[in-house]
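Start at 1 with the first residue, then count along the sequence. Counting starts at 1 for both ligands and their atoms, in listed order.
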Amino acid sequence: MQATEIRLASRPDGFPTMADFAVVDTEVPAPAEGQILVRNLVMSVDPAMRGRMRDTKSYAPPFAVGEVMSGGAVGEVVESTVDAFKPGDHVLHQLGWRTHAVVDAKHAVKVDANAAPLTTYLGVLGMPGLTAYSGLLETAEFKEGDTVFVSGAAGAVGSVVGQLAKLKGAKRVIGSAGSAEKVRHLVEDLGFDAAFNYKDGPVAEQLRAAAPEGIDVYFDNVGGEHLEAAIDSINLHGRMAICGMISQYNATEPTPAPRNLVQIIAKRFTMRGVLVLDHFGLQKQFVAEVAPLVASGQLKYEETIVEGIRNAPEAFLGLLNGANTGKMLVRIT
Ligand code: NDP
């Protein structure tokens, strides 16, 4: 048996390229005591991985140049040295970007392929879903009757934010995304009240037209011009959950601060960062509430699946370019 893994070949300067990754064929590793050998079936690519390609201090350590990258994955146990896992079990763990992973048993979580498709444990019922749930309900303190604006709305996190807000009684939900097809998807498939393509014109103007009475909640996945537009449109005592700023992840120069932040005084709105790692305590509550909504089709999800471990770098670049609708995943076997 041969294994394949993706290593970070170099640190990107600006938008990453294929040359920043190395696809390496190697031996299948053997598990030591307390470990399991997992054949990965599907892995996640996430915007946060762009941050870890940079050599800067953050909440997660940078990837080392020359070493295999990592991230969420679901696989099948093929060999186990512990009683808690048996060959054939499906597990969620953090050693993606490789076909075979030796995982410390304490860092693996069993998942049930009969309860939900395995891919959903990396998307709507996994980390992105929990980010949406905790960011909307805890960080932004969403309440019934709010008008909600979410950027990156057709992506893994954004699509859950908008739909949850609707299901929980939002007055109006507005989303922005980067193509006409995504805008159609938001309104016609996911039930957003309004959506616009941020590439069609100034975001502030498009948002004002979509939310003439202003917004009460902004869920930020994008930053930059979107954040400025949200500041312009936010109502008195509005709340912002700052979840991501993907428009700035490949910047080579310092990015401008929101130029209109002075409005925070008159409007007394709040801006709070959300980091999913702080909210794992909500995981049980989140799954108990959201899994039935997914199963019944009340909360819909899309996945964009790229085939084959060798195409993982392409999937990651595609994610940064908006090639995905819903969760971007790589099917390994
Ligand atoms: P998505 O599924 O939303 O994929 C990323 C999307 O970003 C792309 O599909 C693309 O869609 C959009 N995008 C790329 N470049 C730009 C740009 N310059 N301007 C506007 N949109 C852009 O990813 P996730 O749902 O996984 O993540 C969404 C955000 O949430 C990211 O910012 C991520 O970093 C953040 N996040 C934060 C977490 C936390 O704990 N704080 C946890 C998980 C995610 P389009 O076609 O619309 O441009």
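Taking the six-membered ring where tryptophan is involved, the planes of Phe149 and His226 are essentially parallel, since the angle between them stays under 30° and well short of 60°. Ring pair Phe316/Phe21 is perpendicular by interplanar angle, where above 60° counts as perpendicular and below 30° as parallel.
Contact shell of ligand 1 (protein heavy atoms, cutoff 4.0 Å): Pro47, Met127, Thr131, Gly155, Ala156, Val157, Ala177, Gly178, Lys182, Tyr198, Asn221, Val222, Cys243, Gly244, Met245, Ile246, Ser247, Tyr249, Val274, Leu275, Val276, Leu319, Leu320, Gly322, Asn324, Gly326.
A salt bridge does not link Arg208 to Glu205: none of the charged side-chain nitrogens sits closer than 4.0 Å to a carboxylate oxygen.
Annotation: ring-ring contact (aromatic ring centres under 6.0 Å, His included) contacts of Phe192 (sequence neighbours excluded): none. By the ring-ring contact (aromatic ring centres under 6.0 Å, His included) test, Tyr301 pairs with no residue at all, sequence neighbours left out. For the ring-ring contact (aromatic ring centres under 6.0 Å, His included) test, no residue two or more places apart in sequence or in another chain qualifies with Tyr121.
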